[in-house]
Every structure is written in structure tokens, then in C-alpha cells.
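Here the structure is a predicted model, which is why all the values come from computation and not from measurement.
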Amino acid sequence: MQTLYLSRLQHYLFCPRQFALIELECAWEENLFTAEGQVMHEKVNSGGHDTRGNIKTVRTLRLGHEALGLEGVADVVEYHTDAVSQQIPFPIEYKRGKPKSHRADEVQLCAQALCLEDMHGCKVPRGALFYGKTRRRHAVEFDEELRKITLDAINDCRHIIESGQTPKPTYSTSKCRNCSLKDICHPKIFNKNAKAWLNKKIVTSLEETDH
């Protein structure tokens, strides 16, 4: 089974075409937003661990789930000691912006929880998202609804990988204007009649050659 990286789930939930461009076509471009996110993760992902009270904090923890074919890295995982001295993982994902209307960040975090459950053989009931703009944690419950959305996203990603087909774009001003891949994706062009666009390009090219 081909490895599916945890971070790719967020790309899929944001835009299936973006996921396919990265996964199938190895396309990537940096912009201000991706650069800011990279800087934040570099500050967080210092590695190592420490213990305060009954909480052990591990940074840059490698995760995996063999059955689901998942791999990735958790920014931070806190291990909280419960009443029977069992250490319960509490994943924390750091994001540069603010809470979003879609659930892509929650799905990525939930996938981390699935990996931790597989690795440690225990239930991971909740985690948190830390956003750079609000400077605070937002609690996330890994309920049945979020788990289903996460597993569905994993299956959808696998379908795209197995098909080898990049989905057509669906243009959205709010999403596309901030996407680092917009100049590769050309969402406005390919959202229209691709055949008509191609014919126009061919005619233009022929006219330029004639001159």
C-alpha cells in the first residue's frame, strides 16, 4: 500500500485538485502563507521532550498506521497520566492562521489520533489545534462524526491515487486567490471549456507562426 502522508489530508479537504497536483504531479510552490506556516513549524518542531507534573510533552513525534497506510509527524503530543497511571496521548497541531469554516485541520489532527491509537493501543478522545493568529488552543473532540469524515477522506485520497487522475478545478475566489498552486492549477481556465481554450491557444500559436 502506498504511503499517505497525514499532511496531505488537509490538502484534500481544502481542495481535491490541490491534493492531486501535489500527490500525483509533484507540484509545489511557496507563497507567503506556506512560508509563514513553515517558520511556525520550525519553531515548534525542536524535537526532544520534557515532563511537567503528570504531563510528558514530546515534540516532532513520528506517527504511523500500518493498516491505513498513514505516516507523518505530530508537532506536539502531550501524554496525560490518568487515574490508573495510563498515559493518554493528546496531539496538538500548530497552524499559522485562525480557525477555519471547513474541517480540514480537524481531520488532519484526527488522523494523528488514529495513528496514536494504533501505536499505543489506547483510545485518544481529544486533541487541540493551536492557531498563530488567536494564540490559543482550540479543543477538538474525536467523536464518531469526525472519525467518519477522516476515514472517508483517507479513502477518497486513496481513490485519487489509484485512479491517477487529477480532478478538474472548481473555482472559488476565497480559496483560489490564496493557494500557492494557482499559477500551476489555472483554475479559471480549466474550470471553463478546456477544449475551447485549447483550440484558441492553437489558433493563436498558428497566427503567431504565420507572422
Side-chain angles (χ1 to χ4, degrees), residues 1-35 37-38 41 62-75 91 93 95-97 100-119 142 145-206:
M1 181 186 297
Q2 183 174 335
T3 298
L4 177 61
Y5 294 100
L6 295 170
S7 59
R8 300 283 169 86
L9 294 172
Q10 185 193 37
H11 292 294
Y12 171 78
L13 268 295
F14 177 76
C15 172
R17 180 173 172 84
Q18 185 191 74
F19 165 80
L21 287 171
I22 296 170
E23 183 70 31
L24 301 180
E25 303 183 29
C26 299
W28 183 250
E29 291 288 340
E30 292 282 1
N31 65 7
L32 175 64
F33 304 110
T34 60
Q38 183 66 26
H41 281 88
R62 297 198 64 83
L63 304 176
H65 193 303
E66 186 174 358
L68 294 176
L70 298 176
E71 285 187 17
V73 176
D75 289 333
E93 178 69 13
K95 298 296 181 183
R96 56 157 292 279
K100 303 172 179 65
S101 58
H102 54 77
R103 307 193 71 180
D105 293 344
E106 295 176 49
V107 165
Q108 183 182 356
L109 188 68
C110 184
Q112 293 181 11
L114 296 178
C115 290
L116 288 165
E117 289 178 343
D118 187 60
M119 292 165 62
F142 303 129
E145 179 185 7
L146 180 55
R147 288 171 182 268
K148 183 179 185 307
I149 293 172
T150 302
L151 290 172
D152 286 346
I154 293 169
N155 290 332
D156 290 344
C157 287
R158 292 241 169 259
H159 176 73
I160 290 176
I161 293 171
E162 291 168 5
S163 71
Q165 299 294 314
T166 299
K168 294 181 179 179
T170 301
Y171 183 75
S172 167
T173 301
S174 60
K175 287 186 178 182
C176 295
R177 68 184 175 187
N178 293 328
C179 178
S180 66
L181 300 185
K182 62 184 177 182
D183 293 333
I184 298 173
C185 175
H186 300 295
K188 284 187 175 181
I189 293 174
F190 290 110
N191 194 41
K192 298 176 181 178
N193 188 316
K195 185 177 180 179
W197 174 82
L198 181 59
N199 288 336
K200 182 178 179 181
K201 293 289 287 184
I202 292 173
V203 170
T204 302
S205 179
L206 291 173

Next on the checklist: Please determine whether side-chain contact (heavy atoms from CB on, under 4.5 Å) holds for the pair K95 and Q108, giving the CA-CA distance in whole Å, both sets of side-chain angles, and the decisive distance to 0.1 Å.
Outcome noted: CA-CA 11 Å; K95 298 296 181 183; Q108 183 182 356; 2.7 Å; yes
Checklist entry - Can you check side-chain contact (heavy atoms from CB on, under 4.5 Å) on F14 and H11, steps first, answer last? => result CA-CA 5 Å; F14 177 76; H11 292 294; 5.7 Å; no
Next on the checklist: Run I154 and Y12 through side-chain contact (heavy atoms from CB on, under 4.5 Å) and show every step you take.
Outcome noted: CA-CA 9 Å; I154 293 169; Y12 171 78; over 6 Å; no
Next on the checklist: side-chain contact (heavy atoms from CB on, under 4.5 Å), that's the test. Do T150 and L109 meet it? Break it down for me.
Outcome noted: CA-CA 9 Å; T150 302; L109 188 68; over 6 Å; no
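Distance alone, capped at 3.5 Å, is enough to place a donor-acceptor pair between the N155 side chain and the L151 backbone. The closest donor-acceptor contact from the side chain of R17 to the backbone of P167 lies under 3.5 Å. Counting only distance, with no hydrogens or angles, the side chain of R158 and the backbone of G69 share a donor-acceptor pair below 3.5 Å.
A donor-acceptor contact under 3.5 angstrom links the side chains of E25 and T166, judged on distance only. A side-chain N or O of E23 and one of Q2 form a donor-acceptor pair less than 3.5 Å apart.
Heavy atoms only, all atoms of each residue included: I160 and A20 are closest at CG2-CB, 3.9 Å. Summarising the geometry of C115 relative to L70, their closest heavy-atom pair is SG-CB, 3.9 Å, with the distance given to 0.1 Å. Counting all heavy atoms, side chain and backbone alike, L13 lies closest to A104 at CB-CB, 3.5 Å. When all heavy atoms of D118 and G64 are compared, the closest pair comes out as OD2-O, 4.1 Å.
Sparse packing is recorded around NE2 of H159, with 12 or fewer heavy atoms of other residues, nucleotides or ligands lying under 6.0 Å away.
For the atom pair CD of E117 and SG of C110, the computed distance is 8.0 Å after rounding to the nearest 0.5 Å. Here the CD-CZ distance, from Q10 to F19, works out to 13.0 Å after rounding to the nearest 0.5 Å. With rounding to the nearest 0.5 Å, the separation of OG in S7 from CD in E93 is 9.0 Å. For the atom pair CG of D152 and SG of C157, the computed distance is 11.0 Å after rounding to the nearest 0.5 Å. In this structure, M119 CE and H65 NE2 are separated by 11.0 Å, a value rounded to the nearest 0.5 Å.
Screening V73, L63, L114, V107 for a side chain to side chain contact (heavy atoms under 4.5 Å, CB included) involving L6 leaves a single residue, L63.
Between R147 and E145 there is no salt bridge, since none of the side-chain N atoms of the basic residue sits less than 4.0 Å from a carboxylate O of the acidic one.
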